[in-house]
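Residue numbers start from 1 in every chain, and the chains themselves are labelled A, B, ... in the order their sequence lines are given, proteins ahead of strands. Because the structure is predicted, anything quoted here is derived from the model rather than measured.
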Amino acid sequence: MSSENGQAAGGAKGAPPEQLALIRESVRKAEVPRAKPRTWRGAALAKELPVARVLVDKGALHLDRYFDYAVPEELDADAQPGVRVRVRFGAGRHRVREGRREGGGLIDGFLVERLAESDYSGPLAALAQVVSPEPVLSEELLGLARAVADRYAGSLADVLQLAVPPRSARAEQRSSPAALPPPPAPEPGSWSRYEQGPAFLESLARGGAPRAVWNALPGPGWSEELARAVTATLASGRGALVVLPDGRAVARIDAALTALLGRGRHAVLTADAGPEKRYAQWLAVRRGSVRAVIGTRAAMFAPVRDLGLVAVWDDGDDSHSEQHAPQPHAREVLLLRAAQDRCGFLLGGWSCTVEAAQLVETGWARPLVAGRERVRGAAPLVRTVGDGDFARDEAARAARLPTLAWQVVREGLRHGPVLVQVPRRGYVPRMACARCREPARCRHCAGPLEARGFDDLRCGWCGREESGWHCPECGGFRLRAQVVGARRTAEELGRAFPAVAVRTSGREHVLDTVPAAPALVVSTPGAEPVAEGGYAAALLLDGWAMLGRPDLRAGEDALRRWIGAAALVRPQSAGGTVVVVAEPTLRPVQALVRWDPVGHAVRELAERAELGFPPVSRMAAVSGPGRAVAEFLRAVELPGEAEVLGPVPLPVTAAGQQRRPGGPPPGEHWERSLIRVPPGRGAALAGALKAAQAARTARGAGEAVRVRIDPPDIG
DNA sequence: AGCACGCCGACT
DNA sequence: GTCGGCGTGCTC
């Protein structure tokens with residue numbers, strides 16, 4: 001391949017259609033049908049594979065296309081696939097000054113591939129710079145990023161921003177340590193509590209790729225069990241990746257892995273390390289000196305070599321959803337990874353999401369559960385208190401506590417710390433049957449009914465008005481707004497037990513652990529400290545607030561949070577007791593009493609299938625100013641089976657109110673439409689939405705709309 | 001998004 | 001003729 005002046009303009013004279021044209025001197029199209037190629041300022045090009053295919057890092061605009069650039073000879077060695085490059089990327093014709101071509105500004109990109117020829121018919125500009133020879137974007141990572149972008153109707157560049165941390169030259173210069181040899185396969189340890197536990201570990205250690213949904217027994221055993229799964233995978237000579245919902249969970253696995261393997265075999269990727277340290281850790285993983293990674297959601301893209309296992313803990317926790325576009329969920333990303341890399345997959349938690357149940361239901365993953373006897377042996381006694389039981393005795397009434405709750409707290413405090421779970425503020429009430437409390441749903445699309453004002457009842461999804469509502473369960477015809485709980489209870493509780501220390505754990509101050517001494521520990525869901533030796537008792541308050549949220553997941557979420565607290569309580573055999581203040585006939589409450597989160601998820605799944613809800617159907621939300629949403633819906637070419645619900649107005653963000661991610665800016669009136677498709681059509685839906693979005697931004701038409709796959713709050 | 005090209009009307 | 005309005009379309 002000649003690089004020197006080399007290329008005859010293609011076409012007319014029958015010369016080979018040489019692609020590698022470089023500078024177009026001010027050549028007019030009329031004279032030469034194709035740009036007349038010349039070398040770039042006399043500089044030579046790479047002799048082999050002189051074309052670099054580049055992913056230009058320019059947000060949503062480039063729309064996932066690659067652009068070809070010429071590789072100057074002096075960049076030949078460094079310009080390998082996966083490196084960061086800088087290129088000129090600008091509009092229209094290019095100025096030619098002093099023989100050098102000037103496009104738009106210099107922008108960053110990734111070199112994706114080296115090619116012999118380009119299929120671009122115009123002249124190619126040259127790579128301006130190879131930022132560093134470190135190949136940060138492997139073929140696997142690129143493939144994963146593309147799959148995630150497709151799944152979420154997002155751009156490749158957006159996903160890569162999540163997947164590849166910003167460069168730090170200093171971190172790159174430091175050399176990563178040599179990899180340690182694989183450790184010996186671990187003993188099964190407490191995995192033998194689960195029927196298929198030892199077999200699962202053995203399969204990993206042998207180099208197999210088992211896929212399991214693991215319902216962990218309550219108590220502290222889970223972290224060591226996860227660490228053993230990682231160790232078994234390392235023993236097979238492969239790498240492992242574990243994604244956890246928060247820093248506290250990461251710290252627990254970190255400790256368990258260190259105990260099992262010592263230091264140096266695993267990396268911790270969390271947001272709170274500085275950018276340089278984070279990049280250094282990431283590089284150590286990419287370079288293969290560390291084979292195991294644990295971390296919070298950003299770690300889901302960690303470039304672990306030769307993956308043998310991906311694992312997620314507590315996938316129902318909403319911090320597994322990435323905040324940045326296109327907002328992928330760690331579970332879904334790891335599912336894509338498991339499929340792409342054909343590696344093992346472990347989805348674990350004390351509770352069970354509907355998505356997890358679906359993985360078992362479809363046969364993609366096997367259940368990894370303990371027998372009922374084991375479960376009963378590990379779980380605390382759970383008792384319920386409904387509204388009817390509210391206090392007769394004076395002291396309990398002062399604390400707004402049912403008598404039973406009062407007694408259990410008092411008894412618990414004689415043996416150790418007692419956990420009191422109070423809900424976070426800010427839940428929106430929704431309408432339910434005043435008699436049986438069945439949530440009120442739209443008769444057309446089964447969305448949640450919301451009161452928009454006096455006597456104005458509408459569906460939160462399709463916006464249709466409901467005038468003659470009656471309860472399909474009990475025939476009742478009166479509605480009530482469900483109660484939102486008060487955290488005042490905690491203070492009152494403290495006053496009711498004046499001799500006992502009250503400690504609180506919540507958003508601002510999250511306690512990691514509390515000692516075994518008697519104390520009242522008041523916590524919001526997810527912030528519960530671990531008690532040394534386990535809590536003697538737990539009181540789960542305001543079940544109505546948790547169940548009354550206008551969300552499809554209200555029941556599942558309430559159960560997950562209750563179980564998250566109750567799993568920190570001693571087993572029933574050691575006196576552990578939990579009291580939940582909620583209507584005993586409700587499904588999540590019964591599931592808690594029986595300690596059967598899997599059964600609950602399976603029933604929810606069946607119901608979602610029947611009603612056409614996710615995850616059985618796939619949903620997308622389109623939101624923005626009303627006119628823009630309408631325009632978008634007119635333009636988008638949806639797959640035939642798609643069903644459009646709405647649009648309905650979104651609540652206006654008040655001036656002082658914090659803007660919800662994806663919500664309207666303060667004061668603006670936005671609308672939202674939901675689109676759902678039957679199972680198996682998710683990719684088609686995402687593709688259609690992406691194409692419509694691309695067409696809109698290319699035309700620069702009107703105001704932007706937001707497209708969100710798997711919207712989290714669908715009523 | 002920028003930004004240049006180009007087609008059409010008003011000007012020295 | 002030539003200057004410059006902004007509508008259109010491209011970016012290797």
Side-chain angles (χ1 to χ4, degrees), chain A residues 1 3 6-7 9-11 17-41 43 45-46 49-72 75-76 79 81 83-97 100-131 137 154-158 160-161 325 624 628 635 690-707:
Chain A
M1 169 114 345
S3 56
Q7 293 79 27
E18 180 49 70
Q19 308 288 351
L20 230 197
L22 277 179
I23 309 261
R24 178 172 52 176
E25 197 113 273
S26 4
V27 183
R28 279 186 206 90
K29 285 177 187 156
E31 293 168 16
V32 184
R34 245 204 227 169
K36 186 180 173 189
R38 294 183 60 218
T39 42
W40 175 57
R41 254 206 152 179
L45 293 178
L49 305 177
V51 175
R53 188 147 279 179
V54 172
L55 176 80
V56 169
D57 191 8
K58 208 165 178 272
L61 301 173
H62 52 62
L63 304 161
D64 291 4
R65 288 167 52 217
Y66 294 134
F67 291 90
D68 289 349
Y69 286 81
V71 182
L75 296 183
D76 183 24
V83 300
R84 302 179 210 251
V85 293
R86 310 200 79 199
V87 294
R88 292 207 175 274
F89 188 82
R93 317 304 155 256
H94 296 262
R95 297 178 292 278
V96 174
R97 205 176 288 160
R100 193 186 293 258
R101 176 182 181 175
E102 312 215 343
L106 277 177
I107 60 171
D108 294 319
F110 294 98
L111 199 164
V112 165
E113 204 180 356
R114 288 279 298 265
L115 301 166
E117 307 189 331
S118 169
D119 50 16
Y120 181 61
S121 57
L124 298 185
L127 289 179
Q129 189 192 345
V130 172
V131 176
L137 183 60
S155 79
L156 191 53
D158 278 349
L160 287 177
Q161 203 143 38
K690 189 168 172 177
Q693 187 73 302
R696 274 179 70 79
T697 43
R699 261 184 292 113
E703 299 143 298
V705 298
R706 284 164 189 278
V707 170

Trainee: In this structure, how many angstroms lie between the C1' atom of C:dC10 and the OH atom of A:Y66, rounded?
Mentor: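 To the nearest whole Å, that distance equals 20 Å.
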
Trainee: For A:V130, enumerate each residue passing the side-chain contact (heavy atoms from CB on, under 4.5 Å) test, keeping only those at least two apart in sequence or located in another chain.
Mentor: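 side-chain contact (heavy atoms from CB on, under 4.5 Å) check on A:V130 returns A:L75, A:D78, A:A79, A:V83, A:V85.
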
Trainee: Is there a side-chain contact (heavy atoms from CB on, under 4.5 Å) between A:Y69 and A:Y120? Walk through the geometry before answering.
Mentor: CA-CA 10 Å; A:Y69 286 81; A:Y120 181 61; over 6 Å; no

Trainee: Could you tell me how far apart A:I107 (CD1) and B:dG2 (P) are, to the nearest whole angstrom?
Mentor: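 Result: 12 Å.
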
Trainee: Separation of A:L106 atom CG from B:dG2 atom P, in whole Å?
Mentor: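 Going from A:L106 (CG) to B:dG2 (P), I get 16 Å.
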
Trainee: Given atom CG of A:D68 and atom P of C:dC12, what is their separation to the nearest angstrom?
Mentor: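 Those two atoms, CG and P, are 11 Å apart.
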
Trainee: Mind calculating the distance between CZ (A:F67) and P (C:dT11) to the nearest angstrom?
Mentor: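 Spelled out: CZ on A:F67 to P on C:dT11 is 7 Å.
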
Trainee: Can you tell me how far apart CG (A:L111) and CZ (A:R53) are? Round to the nearest 0.5 Å.
Mentor: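 Rounded to the nearest 0.5 Å, the CG-CZ separation comes out at 11.0 Å.
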
Trainee: Please give, in whole Å, the distance from B:dG2 P to A:F89 CZ?
Mentor: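 Taking CZ of A:F89 and P of B:dG2, I get 12 Å after rounding.
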
Trainee: Figure out the CZ/C1' separation between A:R88 and B:dC3, and round it to whole Å.
Mentor: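 Those two atoms, CZ and C1', are 15 Å apart.
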
Trainee: Which residues satisfy the side-chain hydrogen bond (donor to acceptor under 3.5 Å, both in side chains) test with A:R84, sequence neighbours excluded?
Mentor: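 Here the qualifying residues are A:Y279.
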
Trainee: Calculate the interatomic distance between A:L115 atom CG and C:dC12 atom C1'; express it in whole Å.
Mentor: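 From A:L115 CG to C:dC12 C1': 12 Å.
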
